[in-house]
Engineer: 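Once you've had a glance at the structure underneath, I'll fire off some questions.
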Amino acid sequence: MSIVSIQDLRKEFGNVTAVEGANFDIEEGEFVSVLGPSGSGKSTILRMIAGFESPTSGSIEILGKEVVGMAPFEREVNMVFQDLALFPHLTVAENIKYGLQQKGVSKDEQQRRATEMLEIVDLAGYGNRDIDQLSGGEQQRVALARALVNEPSVVLFDEPLASLDRKLRQRMQFELQQIQEETGITFLYVTHDQEVAMSVSDRMVVLNEGKIEQIGTPEEIYRDPESQFVAQFIGDLNSVYSKVVEANDDTVEVQTNGTLVRVPVMETTTPALNAEAVDIGVRPQNVTLQQTSSNGDGTAFEIGGTVINRMYRGDNIAYIVDTEDEEFLVIEQQDTRTEFEIGEDVYVQWKTDDCLVFPSKEVA
Amino acid sequence: MNVNTIIRPLERFLEDHGKQVGLLVLIPLFLFLWLPIIVVALMSFSDSVLTFPPENLTLEFYHIFVENSQARSAIFTSLQVSAVATPIAVALAIMYSYAFAKYDFPGKGVITVLIALPLIVPLIVVGIALTLLFGMLGGSGSYWEVVIAHIVRILPFAALIILPSFLSFDTTLEEASKDLGANSITTFRRVTLPNILPGVVAGGLLAFTISFNEFVYTYFVRGTGMETLPVYLWGRIEHTMTPEINVISIVFLAVAVLMVALAVIITDVERITIR
Amino acid sequence: MATKTETSKFNEYSQSVLDYIRDRPRLQVLLLAGPTAGLLVAFFIVPVLIMVWYAFLTGLPPADYTMENFSRIFDPLYLGIIGDTFLITVATTIFTVTLGYTLAYSMVRFSRKTTLLLLLVILPFWTNYIVRMYAWINILQADGVLNWLLNTGGVVEGSQRFMFSHEAVLVGLIYVWLPLAVLPFYASIKTMDEDLIEAAKDLGAGPLKTFFTVTLPMTKNGIYAGLILVAVPAFGAFVTPALLGGTGSVMIGMVIDNQFNQAFNWNFGAALGVFLTLAVVASLLLAVLAGVEDKILKRPDTGGEN
């Protein structure tokens with residue numbers, strides 16, 4: 001049985017549809033991220049699971065029990081709020097015990113579990129401190145402990161790490177993963193930050209404009225994005241508009257630089273086969289720059305252009321190349337190839353195997 | 001557990017219907033606040049004093065009020081006092097706020113407490129204390145004594161409303177002005193004042209309202225000749241209930257509505273509610 | 001009319017004064033804050049000190065010193081009045097704070113027209129105090145609104161008066177100070193982080209428990225402010241008891257008025273004024289101490305850890 005099961009979930013605010021036709025399940029012990037840009041409806045889904053918003057239609061089951069219509073305080077889920085929402089008038093320990101008090105847990109048991117929880121989040125001995133005496137990272141841990149101590153079926157996270165600086169955020173991500181493995185409690189993590197989502201989650205739910213675009217493991221979503229939105233949102237993507245010359249069973253033939261190339265199309269994006277034009281996408285890491293044209297042999301794409309910007313980035317160099325109709329982002333590992341200068345004429349090349357084919361967004 | 005069986009359904013009820021309960025509670029509370037004022041407004045058109053409901057509606061009391069020279073001169077006295085006390089208090093409040101916002105000086109905390117004190121000490125205490133002072137100085141409750149009493153009364157309010165304007169004012173604008181060659185006075189006139197003006201005007205309007213309504217200080221300090229409108233109203237109610245009381249009440253109500261409305265338009269409601 | 005040279009001379013002169021002041025920040029402060037401080041010292045601090053002095057005199061100065069005026073306060077007659085004043089103040093404060101908090105809470109949490117409602121709360125406050133008392137005379141008077149309502153409802157027969165009682169004074173004081181009490185409550189409830197309420201509910205607390213364990217403690221400072229804003233003026237009230245209480249409900253303020261304007265015993269009046277001031281100062285100190293104590297008790301064993 002799934003811990004959380006969401007079916008046909010829909011939420012309207014007046015005329016605006018914030019969430020539409022959302023379906024997904026979360027299994028016990030999973031770490032699932034809901035990823036999407038701001039306004040994509042990810043927080044709304046979270047707040048519906050917590051009970052702060054009621055869905056316009058659809059169902060939310062927690063441990064097989066329908067929870068739509070239940071008040072937040074009647075649900076067996078706990079949330080780590082975006083701004084943490086720690087009670088400033090209570091001490092660290094009092095914050096952690098708050099949920100247990102509501103359940104009517106005995107004082108001794110409250111104390112025991114709070115102490116245990118403080119150890120798990122590495123804050124042993126901090127129980128009597130005031131919230132405002134803690135650093136940002138310590139406050140994050142208290143918020144986590146306050147949710148975990150109730151042993152909820154699922155802990156919901158509303159982008160709590162967003163306010164931390166990069167270093168601290170990465171450390172907290174790592175700790176979060178460890179604590180999740182340690183306790184075995186199911187986590188549902190909402191974020192707009194693909195880096196966070198990729199690094200912590202077992203599975204990701206990618207949202208756009210209230211609709212789920214794709215569900216899968218971070219690898220699946222990065223390697224086989226089902227839509228151009230997903231491909232662009234998870235990592236960088238260059239994209240070229242191409243007219244389809246001929247479509248076959250699992251390939252399309254398109255023209256590039258005067259030659260015809262045959263590009264494999266993934267199963268998930270086969271609608272592209274019936275399109276008149278496609279967008280050919282490629283990740284910047286998969287693109288190379290050449291000084292001379294290699295006069296295509298049908299296995300590679302090639303476009304001529306001029307280097308207009310060059311950014312040194314430590315272990316690699318990023319180039320921006322101006323081609324006829326697109327600007328290309330190219331990331332070259334620093335050790336391997338020759339360096340190019342701004343203003344130099346170059347050829348942008350990539351293998352057909354690295355292409356991601358999507359129905360074109362541009363109207364032909 | 002026993003407690004929970006009672007509380008749980010109640011909590012559930014409040015979760016679902018808390019908003020309705022809250023809005024329902026607002027109705028009697030706002031009736032309590034406004035019914036008395038509505039009654040006074042209604043009674044000003046009555047043909048009898050203090051008998052409710054009025055038998056006939058008439059404008060007769062308004063005629064009596066307009067033709068009563070004593071009431072007219074009370075209004076005139078009130079205006080004479082408030083029109084002088086208000087600008088003085090506002091000017092003092094501006095100067096003080098400017099000093100408070102711009103400088104750190106010894107005794108800053110003491111002066112701040114000093115300004116807030118008249119708000120905390122009961123009115124009647126300050127009223128008699130001023131009476132004793134003026135008595136010692138050989139005064140007889142003349143115009144200027146009443147004006148001074150009014151300044152003491154309204155200065156804290158004016159300062160409390162005007163000070164936030166100065167605290168939120170970006171002082172780098174002044175530095176920019178001086179950098180561009182303007183002297184202190186020009187800078188104040190052309191840069192500082194326009195930015196703090198809404199707060200100052202709101203403070204002035206409300207200070208005027210308090211002064212116009214001021215009773216306790218005036219009542220103790222005044223000599224026989226100084227009868228402001230609130231003092232006149234008090235006399236009518238205490239001794240002889242005359243019909244024009246209702247109309248005077250309407251005058252005060254109108255002044256309150258007008259001044260608060262103006263202050264709200266110039267700044268916003270939360271600003272004029274103090275602290 | 002000043003000629004051109006005179007004007008420029010004046011400008012030159014004022015410029016040199018400005019130059020003199022510019023490098024002397026202390027002088028600037030003195031010029032800016034001095035008049036306010038001076039005015040308040042001369043017409044607030046000095047008068048209060050004179051009042052204290054009068055309280056120890058047998059008559060108008062020059063006169064002998066005496067404790068008579070203070071010992072007279074402990075006369076059963078005045079002790080009774082002080083007791084009544086105290087009880088009315090406590091009752092007024094409890095009612096006003098409860099109603100005011102309810103009002104502020106409902107306005108902020110449940111209404112979408114919060115600003116309009118706030119305006120409707122403060123408008124009565126800016127209406128003349130005596131007018132507001134007169135409104136209640138209209139209501140409580142024989143043949144007044146309340147009598148009419150009760151007659152219409154068949155509760156009482158004939159003309160009945162509800163004035164000149166402790167209850168009338170109580171209602172009058174609640175009415176006068178309710179708007180003022182709403183303001184600090186309104187501010188503290190409005191600025192409270194609403195996420196905390198969601199957090200409490202998320203952790204299993206219903207609306208009632210959330211209110212008592214989170215909202216109420218979080219708005220504690222606003223409540224203290226409201227308590228003081230109501231209790232202090234209620235304790236020193238004299239217009240309300242004079243108009244609505246009369247001889248049926250005498251408060252200290254009325255006695256002071258009587259000593260000054262009828263009995264002409266300014267010394268005893270001054271002694272009562274000193275008593276009133278001390279009572280207010282004592283209660284304020286108590287409130288401050290309570291606040292301080294609260295802070296110390298909250299962090300019993302965190303010392304040295306940070």
Side-chain angles (χ1 to χ4, degrees), chain B residues 10-11 14-15 18-19 22-23 25-26 29-30 33 36-37 39-40 43 50-53 92 95-96 98-99 103 105 111 114-115 118 120-126 128-130 132-133 136 148 152 183-184 209 213 215 220 230 233-234 237 245 249 252-253 256-257 260 264 269 273-275, chain C residues 18 22 25 29 32-33 35-37 39-40 43-44 46-48 50-51 54 99 102-103 106 109-111 115 118-124 126-132 134-136 138-139 141 143-145 148 183-184 206-208 232-233 236 238 243 253 256 260 269-270 273 276-277 280:
Chain B
L10 184 62
E11 295 276 32
L14 287 175
E15 176 71 13
K19 184 174 173 155
L23 292 177
V25 166
L26 283 180
L29 286 170
F30 274 97
L33 282 174
I37 289 173
V39 166
V40 168
M43 292 303 277
L50 292 177
T51 303
F52 195 90
L92 289 172
M95 284 157 62
Y96 159 76
Y98 189 78
Y103 301 91
F105 51 91
I111 297 186
L114 193 60
I115 285 185
I120 295 163
V121 175
L123 295 178
I124 193 165
V125 170
V126 185
I128 61 171
L130 279 171
L132 293 173
L133 170 79
M136 278 183 72
I148 289 171
V152 174
N183 68 21
S184 301
T209 314
N213 285 323
F215 171 70
F220 280 99
L233 179 64
W234 165 268
I237 294 173
I245 301 172
S249 300
F252 278 118
L253 188 59
V257 171
V260 170
V264 168
V269 187
T273 54
I274 309 167
R275 73 202 83 201
Chain C
L18 281 180
R22 191 173 56 209
V29 170
L32 288 168
T36 296
L39 183 102
L40 288 172
F43 298 109
F44 177 72
V46 169
V48 169
I50 290 175
M51 176 185 76
Y54 261 75
L99 293 178
T102 311
L103 189 56
S106 292
R109 286 273 182 276
F110 303 127
S111 175
T115 316
L118 185 62
L119 196 63
L120 285 178
V121 168
I122 58 164
L123 253 179
W126 288 102
T127 308
N128 190 285
Y129 193 109
I130 299 170
V131 170
R132 284 184 282 165
Y134 176 64
W136 279 97
N138 270 297
I139 292 170
Q141 183 63 253
D143 293 324
V145 178
W148 172 74
L183 303 182
L208 269 184
V232 170
F238 109 88
L243 293 181
I256 296 177
F260 266 78
L276 208 57
T277 311
V280 166

Engineer: Let me confirm one number: the CG-CD1 distance from B:L130 to C:I50, rounded to the nearest 0.5 Å.
Structural biologist: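 It is 9.5 Å, given to the nearest 0.5 Å.
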Engineer: Which bit of C:I139 is near chain B, if near means a heavy-atom gap under 4.5 Å: side chain, backbone, both or neither?
Structural biologist: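 The side chain, not the backbone.
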Engineer: Is chain C contacted by the side chain of B:I115, its backbone, both, or neither, given a heavy-atom distance below 4.5 Å?
Structural biologist: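 When you check distances to chain C, atoms from both the backbone and side chain of B:I115 fall under 4.5 Å.
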Engineer: Which of the residues B:V257, B:L33, B:V121 is involved in the greatest number of heavy-atom pairs with chain C at under 4.5 angstrom?
Structural biologist: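 Of the candidates given, the most pairs with chain C belong to B:L33.
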Engineer: Tell me, for C:V46 versus chain B, whether the close heavy atoms (under 4.5 Å) come from the side chain, the backbone, both or neither.
Structural biologist: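 Only the side chain of C:V46 comes within 4.5 Å of chain B.
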Engineer: Work out which heavy atom in C:G236 is nearest to a heavy atom in B:P122; give both atom names and the distance.
Structural biologist: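 Smallest heavy-atom distance, with atoms named: CA-CB, 4.1 Å.
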Engineer: I'd like to verify something: which residue of B:K19, B:E11, B:M95 has the highest number of heavy-atom pairs under 4.5 Å with chain C?
Structural biologist: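 Among B:K19, B:E11, B:M95, the one with the most close pairs to chain C is B:E11.
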Engineer: If you define the side chain from C-beta out and look only at heavy atoms, does anything of B:I120 sit under 4.5 Å from C:V280?
Structural biologist: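 The answer is yes, as the side chains (C-beta and beyond) meet within the 4.5 Å cut-off.
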Engineer: Find the one option among C:L276, C:L103, C:T277 whose heavy-atom pairs under 4.5 Å with chain B are most numerous.
Structural biologist: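 Counting heavy-atom pairs under 4.5 Å, the top option is C:L103.
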Engineer: Where is the tightest heavy-atom contact between C:A135 and B:P36, given as atom of each residue plus distance?
Structural biologist: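 Here C:A135 and B:P36 meet closest at CB-O, 3.4 Å.
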Engineer: Quick one, B:L29 with C:L99, criterion side-chain contact (heavy atoms from CB on, under 4.5 Å). Give me CA distance, side-chain angles, the key distance, then yes/no.
Structural biologist: CA-CA 8 Å; B:L29 286 170; C:L99 293 178; 3.8 Å; yes
Engineer: Decide if the gap between the ring center of B:F252 and the ring center of C:Y134 is smaller than 6.0 angstrom.
Structural biologist: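 Between C:Y134 and B:F252, which both carry aromatic rings, the centre distance is not below 6.0 Å.
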Engineer: Would you mind checking which part of B:T209 comes under 4.5 Å of any heavy atom in chain C, side chain (CB onward), backbone (N, CA, C, O), both or neither?
Structural biologist: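 For B:T209, side-chain heavy atoms alone lie under 4.5 Å from chain C.
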Engineer: Please step through side-chain contact (heavy atoms from CB on, under 4.5 Å) for the pair C:V121 and B:F30, ending with a clear verdict.
Structural biologist: CA-CA 8 Å; C:V121 168; B:F30 274 97; 3.7 Å; yes
Engineer: Do you know which two heavy atoms are closest between B:M136 and C:Y54, and how far apart they sit?
Structural biologist: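 Closest heavy-atom pair between B:M136 and C:Y54: CG-OH, 3.7 Å.
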Engineer: Which atoms of B:V126 come close to chain C, meaning under 4.5 Å heavy atom to heavy atom: side chain ones, backbone ones, both, or neither?
Structural biologist: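 The side chain, not the backbone.
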Engineer: Starting at OG1 of C:T127, measure out to CD1 of B:I37 and round the result to the nearest 0.5 Å.
Structural biologist: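 Interatomic distance, C:T127 OG1 to B:I37 CD1, rounded to 0.5 Å: 4.5 Å.
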Engineer: List the residues meeting side chain to side chain donor-acceptor pair (under 3.5 Å) with C:Y129, not counting sequence neighbours, and say none if there are none.
Structural biologist: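 In terms of side chain to side chain donor-acceptor pair (under 3.5 Å), with neighbours along the sequence ignored, C:Y129 is linked to C:T240.
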Engineer: Which word best sums up how the rings of B:F215 and C:F238 line up, parallel for under 30°, tilted for 30 to 60°, or perpendicular for over 60°?
Structural biologist: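 B:F215 and C:F238: parallel rings.
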Engineer: In terms of heavy-atom pairs under 4.5 Å, which option from C:L39, C:V48, C:L120 contacts chain B the most?
Structural biologist: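 Top count of heavy-atom pairs under 4.5 Å with chain B: C:L120.
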Engineer: Heavy-atom pairs under 4.5 Å with chain C are the metric here; pick the option from B:V40, B:L123, B:I111, B:I124 that has the most.
Structural biologist: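 Counting heavy-atom pairs under 4.5 Å, the top option is B:I124.
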Engineer: For C:P35, which atoms come within 4.5 Å of any heavy atom of chain B: side chain, backbone, both, or neither?
Structural biologist: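 Both parts, backbone and side chain.
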Engineer: Evaluate side-chain contact (heavy atoms from CB on, under 4.5 Å) for B:L23 paired with C:S111, printing each intermediate quantity in order.
Structural biologist: CA-CA 7 Å; B:L23 292 177; C:S111 175; 4.1 Å; yes
Engineer: Check each atom of B:V39 against the heavy atoms of chain C and say whether the ones under 4.5 Å are side chain, backbone, both or neither.
Structural biologist: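 Contact with chain C involves the side chain of B:V39 alone.
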Engineer: Minimum heavy-atom separation for C:T36 and B:L92, please, with both atom names.
Structural biologist: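 Nearest heavy atoms, C:T36 then B:L92: OG1-O, 3.2 Å.
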Engineer: Using a 4.5 angstrom heavy-atom cutoff, name the option from C:I130, C:I256, C:V232 with the most pairs to chain B.
Structural biologist: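 Ranked by contacts with chain B, first place is C:I130.
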Engineer: Are C:L243 and B:W234 side-chain neighbours, meaning at least one heavy-atom pair lies under 4.5 Å?
Structural biologist: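 C:L243 vs B:W234: side chains touch.
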Engineer: Over all heavy atoms of both residues, which pair between B:L114 and C:A37 is shortest? Give the atoms and the distance, please.
Structural biologist: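 In terms of heavy atoms, the two residues are closest at CD2-O, 4.0 Å.
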Engineer: Salt bridge (Lys or Arg N to Asp or Glu O under 4.0 Å) with B:E15: which residues, sequence neighbours excluded?
Structural biologist: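 With neighbours one apart ignored, the set is C:K201.
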Engineer: Who among B:A256, B:A129, B:G22, B:A99 has the most heavy-atom pairs with chain C under 4.5 Å?
Structural biologist: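 Greatest number of close heavy-atom pairs with chain C: B:A129.
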Engineer: Return the minimal non-hydrogen interatomic distance between B:P118 and C:L40, and the atom names on each side.
Structural biologist: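 For B:P118 and C:L40, the tightest heavy-atom pair comes out as CG-CD2, 4.2 Å.
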Engineer: Of the backbone (N, CA, C, O) and the side chain (C-beta and beyond), which part of B:L14 lies under 4.5 Å from a heavy atom of chain C, both, or neither?
Structural biologist: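 Both backbone and side chain.
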Engineer: Any heavy-atom pair between the side chains of C:F110 and B:V25 that's under 4.5 Å?
Structural biologist: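 Side-chain contact under 4.5 Å: no.
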